[in-house]
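Chain A is the first sequence line, chain B the second, and so forth, proteins listed ahead of strands; every chain is numbered from 1. These numbers come from the heavy atoms of this one structure, side chains and all, not from hydrogens, waters or symmetry mates.
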There are 2 protein chains.
Amino acid sequence: MPKRVTAKEIAQALGISTMTVSRALNNRPNVDEKTRQKVLETARKMGYIPNLIAKSLVLRKTSTIGVVVPEITHSFFPEVVRGIEEVSYQAGYHIILAHTNENAQREISVIHTLISKQVDGLLVSISQSVENFEIYQQVVQRGLPLVFYDRCVKGLGVNCVRLDDRESAAKITRHLIEHGYERIAHISGPQNVLISEMRLKGFKDAVEATGIELDERLIVPGGFHEESGYRAMQQLLALPAGKRPRAVVAVNDPAAFGAMKAILEAGLRIPQDVAIVGFSDDIRAELMVSPLTTIRQNAYEIGRRAALKLIDLIEEKSNSVEEIVIHGELVVRHSCGC
Amino acid sequence: MPKRVTAKEIAQALGISTMTVSRALNNRPNVDEKTRQKVLETARKMGYIPNLIAKSLVLRKTSTIGVVVPEITHSFFPEVVRGIEEVSYQAGYHIILAHTNENAQREISVIHTLISKQVDGLLVSISQSVENFEIYQQVVQRGLPLVFYDRCVKGLGVNCVRLDDRESAAKITRHLIEHGYERIAHISGPQNVLISEMRLKGFKDAVEATGIELDERLIVPGGFHEESGYRAMQQLLALPAGKRPRAVVAVNDPAAFGAMKAILEAGLRIPQDVAIVGFSDDIRAELMVSPLTTIRQNAYEIGRRAALKLIDLIEEKSNSVEEIVIHGELVVRHSCGC
DNA sequence: TTAAATTATGTTAGCGATAACATGATGGTT
DNA sequence: AACCATCATGTTATCGCTAACATAATTTAA
């Protein structure tokens, strides 16, 4: 193992003190320009790379942000991470990525590790199975800056950057209404998940605003996946002729894909017979036989904003508790017939 | 900012020395069981969390692996990261993720940072624009364990875990040949990228093994994206009637999607008129009008194997230089007509 | 019972860097 | 020439922890 060069060794090589070397390397004032040049050159020649571990210990600052991700494979999170990375890199912070695999136990373990590693702040999206929020309170009590992104916990006084699920669901539903559709159905997601609930609420908001009475039969429990969308749609199509929906708002794109399959299999056309819209702009949405109208969520922006807020907290440029909402963008394609 | 509890404070609270506290917390022998219990309990009560930065400094080991990723958004890499994470977590290592955005300059900067942070080893997939390999040599010279994954550099004596692009391309081509197709075309990728080259070679291997002479007109330069696949296919379809291909091997799935579009637009059927296969099992492959036959690459496995090898190097359980090849899996769907 | 072996605990030094203070060198001012 | 400001450099202590050695307490063996 080749010995690693330290600042002390540079100092010895030049016959000066370690402190002067440190000052020269860190571009501090009060160093003679000639000395600085000598130090820089010697450092380069000797292949010196500073030890940030030692530096962090004395400065009590690591310039590192801990990022807790529940599910790295889902395309949404990598995009968020890209946003976080971009901002962090610019601001001179590094990130340590920790993956919980949607496991509450692992989330606690991972947060402990990040604290042990003395991160300057934490960005967390909570795992689905989390029910106990004690760990977040511990983090807050330690005075460690914390920002939730995408999946937030309310009532802890913690900053949060999230999507406007309710507003976006209302927006896309309104879009259908404005184009004259009347009997509009909703294929909803799992009942206990916040985003399903918010999207359902948004759907109701839009429908109720029209004054038309909401037909509860047009709200069918589905799920986040294709099969659930497929089954939910079959259920809708089984309604008596006059009661069938003319348009459908699916809780997300995969559910919409399943629903589309059911519609086509029933010999109906999209959007002439049944119009359909999704949510989240899946990479496949554009490639469907009838390209899907949907809501595009700016995951990158969530990452960016969360990182910006966190760094502000770390550097004490801000200490307010905010809830930052990133608005979804309506992407109109063929499937809504608009 | 609440003061953080240190081992020293636990020692003071109990009237014992810091060293005994350290021993108790680290499950070292030669500590009285009663003392150990007292220490553990006091630590818990006081909310003690060890400072790994200080520990790393004295032990000269951080239990951290640096992972360099060229492009986090591409679904391949998150899957690799998941594999790396899984193995690392089991073995007690943390990972620091660094994203280069395919930028050579940034890759150097990022590797320097990781070294500064005293990672115990590096997992690197080189960025597309990298042409100078000096940085890797520096890493090797420092004695820092290094393993390339997916995109490797040959001739540096560095470990490498990669896919068998050439073999897999030959395999999928052979599959077409075995099902009786004769005029088989190849839509290739960018010429200067290694994987394009390997896939082209694999294609040629398979065709030449049949003894049939290779028609160079059937190899058209395309690219990794849909548009390039689309244009390349148009070019193939413009060949004189008898010279047109009966089957096509695309360099990857997106290129195949583009090609499919061109085929359908020309009024031809898949696979009855033209069969087509892709490469890399894109999430959309299954959902196409004619589900795409392709090669599934086990990205997770690449991550796993690379991390295992790196940890072996770090812990000096191995010092051999290996090239580990992960084999692609043929996924037969509708588009090849087999 | 007393020396030797074993176990529990303490002391000192140092990981590699920097803050805070101290000192030495230079130069300008009256 | 004497004095003070300014700049360049050095010294010491410390960040929180652990290795290595030293010592004290206890047990075992003869």
Side-chain angles (χ1 to χ4, degrees), chain A residues 1-40 42-43 46-64 112-113 115-120 142, chain B residues 1-40 42-43 46-64 112-113 115-120 142:
Chain A
M1 172 79 78
K3 200 159 136 302
R4 270 141 212 202
V5 182
T6 69
K8 198 171 167 189
E9 282 158 19
I10 298 178
Q12 279 164 353
L14 290 171
I16 60 179
S17 80
T18 324
M19 201 57 225
T20 302
V21 172
S22 169
R23 280 191 273 251
L25 291 171
N26 288 286
N27 286 310
R28 304 297 266 276
N30 297 344
V31 181
D32 189 86
E33 196 48 39
K34 269 180 275 173
T35 312
R36 163 166 294 141
Q37 289 309 326
K38 264 193 296 185
V39 170
L40 260 41
T42 311
M46 297 176 77
Y48 173 75
I49 298 191
N51 185 328
L52 289 185
I53 291 284
K55 186 170 182 167
S56 298
L57 184 59
V58 39
L59 295 187
R60 291 218 190 68
K61 156 136 183 132
T62 53
S63 295
T64 302
H112 271 123
T113 304
I115 297 176
S116 289
K117 295 210 129 197
Q118 312 294 115
V119 294
D120 294 339
R142 285 198 137 236
Chain B
M1 174 80 78
K3 200 160 137 303
R4 271 141 211 202
V5 182
T6 68
K8 199 172 167 188
E9 282 157 19
I10 297 178
Q12 278 164 353
L14 290 171
I16 59 178
S17 80
T18 323
M19 202 55 226
T20 303
V21 172
S22 168
R23 279 191 273 250
L25 291 170
N26 288 285
N27 285 311
R28 304 299 268 275
N30 297 342
V31 180
D32 189 85
E33 196 48 39
K34 268 180 277 174
T35 312
R36 163 167 293 140
Q37 289 310 327
K38 264 194 295 186
V39 170
L40 259 41
T42 311
M46 297 176 75
Y48 173 75
I49 297 190
N51 186 327
L52 289 185
I53 292 284
K55 185 170 183 167
S56 298
L57 184 59
V58 34
L59 295 186
R60 290 214 190 71
K61 156 135 185 134
T62 53
S63 295
T64 302
H112 271 123
T113 304
I115 297 175
S116 290
K117 296 210 127 196
Q118 312 295 117
V119 294
D120 294 340
R142 285 197 135 236

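Distances were taken from every side-chain heavy atom of Arg60(B) (C-beta onward) to each of dA20(D), dG16(C), dC15(D); the shortest belongs to dG16(C). The listed nucleotides are dA19(D), dC17(D), dA17(C); the one nearest the side chain of Ala7(A) is dA17(C). Picking from dG16(C), dG10(D), dT9(C) the nucleotide with the shortest atom distance to the side chain of Met19(A) gives dG10(D). Taking the side chain of Arg23(A) as heavy atoms from C-beta on, and the options dC15(D), dT9(C), dT9(D), the nearest nucleotide is dT9(D). In this structure, of dG16(C), dA8(C), dG10(C), it is dA8(C) that holds the atom nearest to the side chain of Asp32(B). Side-chain proximity of Ser17(A) to the nucleotides dG16(C), dC17(D), dT11(D) is greatest for dT11(D).
Counting non-hydrogen atoms under 4.0 angstrom, Thr35(A) reaches the backbone sugars and phosphates but no base. As judged by a 4.0 angstrom heavy-atom cut-off over every strand, Val58(A) is placed among the base-contacting residues.
OP1 or OP2 of dT18(D) lies within a sub-4.0 Å distance of a side-chain N or O belonging to Ser22(B). Remark: Asn51(A) is not in phosphate contact with dC15(C), judged by side-chain N or O atoms under 4.0 Å from OP1 or OP2. For Thr20(B), no side-chain nitrogen or oxygen approaches OP1 or OP2 of dT9(C) to under 4.0 Å. For Arg28(B) and dA19(D), the shortest distance from a side-chain N or O to OP1 or OP2 is below 4.0 Å. Regarding contacts with the backbone of dC7(D), every side-chain N or O of Asn30(A) stays at 4.0 angstrom or more from both OP1 and OP2. Residue Tyr48(B) places at least one side-chain N or O under 4.0 Å from the OP1 or OP2 atom of dC17(D).
As a whole-Å value, the separation of Lys8(B) NZ from dG10(C) P is 15 Å. Separating the CG atom of Asn27(B) from the P atom of dA8(C) is a distance of 14 Å, rounded to the nearest angstrom. Going from atom CG of Leu59(B) over to atom P of dG16(C) covers 12 Å, rounded to whole Å.
The structure places CG of Asp32(B) at 10.5 Å from OG1 of Thr20(B), a figure rounded to the nearest 0.5 Å.
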